[in-house]
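First the proteins, then the strands, lettered A, B, ... as listed; each starts at 1. Every value quoted in this text rests on a predicted model; they were computed, and no experiment measured them. Excluded from the calculations below are hydrogen atoms, water molecules and symmetry mates; all remaining heavy atoms, backbone and side chain alike, are included.
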2 protein chains.
Amino acid sequence: MESSSNPIQDYLSYALAAAHRKMQASLSTRLKQHGIQIEAWRILETLEAGHRLTMGQLAEVVLMNPPTLTKLVDRMVSDGLVHRQVAQADHRQVNVLPTALGKKRMLQIREEVQEQDIEFQSLLGKDEASKLIELLRGVVQ
Amino acid sequence: MESSSNPIQDYLSYALAAAHRKMQASLSTRLKQHGIQIEAWRILETLEAGHRLTMGQLAEVVLMNPPTLTKLVDRMVSDGLVHRQVAQADHRQVNVLPTALGKKRMLQIREEVQEQDIEFQSLLGKDEASKLIELLRGVVQ
DNA sequence: TGATTTTACTTTCCAAGTCAAATAAATTTC
DNA sequence: GAAATTTATTTGACTTGGAAAGTAAAATCA
């Protein structure tokens, strides 16, 4: 299917959705080999940084709604990748911490994600790729 | 929540997902006022171009998986926005056509989407916005 | 301090999405 | 030209996602 003069292609929201879909599909296929979903990787990668994050903070960083995160963390707990800890300062808050297994798996998966990034960067060219990231950050602010 | 040195921000896939999420959320809120979802708008916008598209072609353009499209088109048929027609040349194929109501509603919704695009374009600057679309197309090819 | 409001997270219920199988028509092969 | 294969779409079982309500702790306030 080829339709070079389709007006929908000119909408920024569409161009973004199309690029996102392609990248997600590609990354998702890669991570499936490791038996993990993209969001779970994001959680492990974020927690690895070492900051003690609450569910709410984590939800924001990993781009998920809180109820969806709750359910994914449930699954990750039963897979032994993370555990929960009620924050001592504020008992409403729940911290999420990676387990030893979670850290180990993250390092393996990170390589896969980096390969993917390199693949797309070489597809675009290095300068174009950094320009793209810069512009995307401008969208988010 | 602010974490300027979080390594996850440096992945192209993450930057793309974050920008996409923000734009989808904003557009989705706008379209909710018209009682329609983003994908349904994409379908109407695509069909408006006048080409006679099959379910498969439409699925590709509107960035949906075929089973998901089938169900959305079911709903749009019962909302009176589109109708199906078995292709005469190949009876396996199904064409989707907009109804008069579908065309009318599309014109209203298009304005909303264009406002949204203008909003984001002025946020980025006109040149940066066209550069972004160009780079995003490079990702998809 | 007791009552009210706000905040953090989870649960519930329903709508929507996915994967694999089913159906049905067209094409290929022998 | 019948049988086997491929292609286009839908169906059905199951899972996931989202909105709104529920729970519980902290903060505000009167």
Using atom CD of Glu39(A) as one end and atom C1' of dT15(D) as the other, report the distance to the nearest whole Å. 14 Å
Sequence neighbours excluded, the answer for side chain to side chain contact (heavy atoms under 4.5 Å, CB included) partners of Gln141(A) is Lys22(B), Leu123(B)
Using whole Å, what does the distance between atom C1' of nucleotide dA24(D) and atom CE of Met55(A) come to? 16 Å
List in chain and number order the residues that pass side chain to side chain contact (heavy atoms under 4.5 Å, CB included) with His91(A), two or more places apart in sequence or in another chain; answer none if no residue qualifies. Val86(A)
Sequence neighbours left out, what passes side chain to side chain contact (heavy atoms under 4.5 Å, CB included) with Glu48(A)? Give chain and number order. Met106(A), Arg110(A)
Among pairs that include at least one residue of residues 129-141 of chain B, which meet salt bridge (Lys or Arg N to Asp or Glu O under 4.0 Å), considering only residues two or more places apart or in two chains? Asp10(A)-Arg137(B), Glu128(A)-Lys131(B), Lys131(B)-Glu134(B)
Tyr11(A): ring-ring contact (aromatic ring centres under 6.0 Å, His included) partners, not counting sequence neighbours: Trp41(B)
Result for 5'-nearest mapping on DNA chain C, choosing between Lys32(A) and Leu69(A), is Leu69(A)
Taking only distance into account, with no hydrogens and no angle test, what donor-acceptor pairs under 3.5 Å do side-chain atoms of residues 68-75 of chain A form with protein atoms, sequence neighbours excluded?
{"residue": "Thr70(A)", "atom": "OG1", "partner": "Pro66(A)", "partner atom": "O", "Å": "3.2"}
{"residue": "Asp74(A)", "atom": "OD1", "partner": "Arg84(A)", "partner atom": "NH1", "Å": "2.9"}
{"residue": "Asp74(A)", "atom": "OD1", "partner": "Arg84(A)", "partner atom": "NH2", "Å": "3.0"}
{"residue": "Arg75(A)", "atom": "NH1", "partner": "Gln37(A)", "partner atom": "OE1", "Å": "3.3"}

Contacts of Asn95(A) meeting side chain to side chain donor-acceptor pair (under 3.5 Å) (sequence neighbours excluded), chain-then-number -> Arg52(A)
Quick test of your reading: applying salt bridge (Lys or Arg N to Asp or Glu O under 4.0 Å), list the pairs with at least one residue in residues 89-106 of chain B, sequence neighbours left out, ordered by first then second residue. Asp90(B)-Arg92(B)
Got a sec? Which of residues 71-88 of chain B come in under 4.0 Å of DNA chain D, heavy atoms? Lys71(B), Arg84(B)
Can you sort out the partners of Ala17(A) under side chain to side chain contact (heavy atoms under 4.5 Å, CB included), two or more places apart, ordered by chain and number? His20(B), Gln24(B), Arg42(B), Leu63(B)
Report the residue (Pro67(A) or Thr70(B)) whose heavy-atom-nearest nucleotide on DNA chain D is the more 5′ of the two. Thr70(B)
Heavy-atom contact window of chain B on DNA chain C, given 5' to 3' at under 4.0 Å: dA16(C) to dA26(C)
Within this structure, what is the CG-to-P distance between Leu58(B) and dT10(D), rounded to whole angstrom? 11 Å
For DNA chain D, what residues of residues 89-99 of chain B have any heavy atom nearer than 4.0 Å? Arg92(B), Gln93(B), Val94(B)
Rounded to the nearest 0.5 Å, how far apart are CG of Leu12(B) and CG of Leu136(A)? 7.0 Å
Separation of Asn65(B) atom CG from dA8(D) atom P, in whole Å? 16 Å
Measure the NE2-CD1 distance between His34(A) and Ile36(A) for me, rounded to the nearest 0.5 Å. 9.5 Å
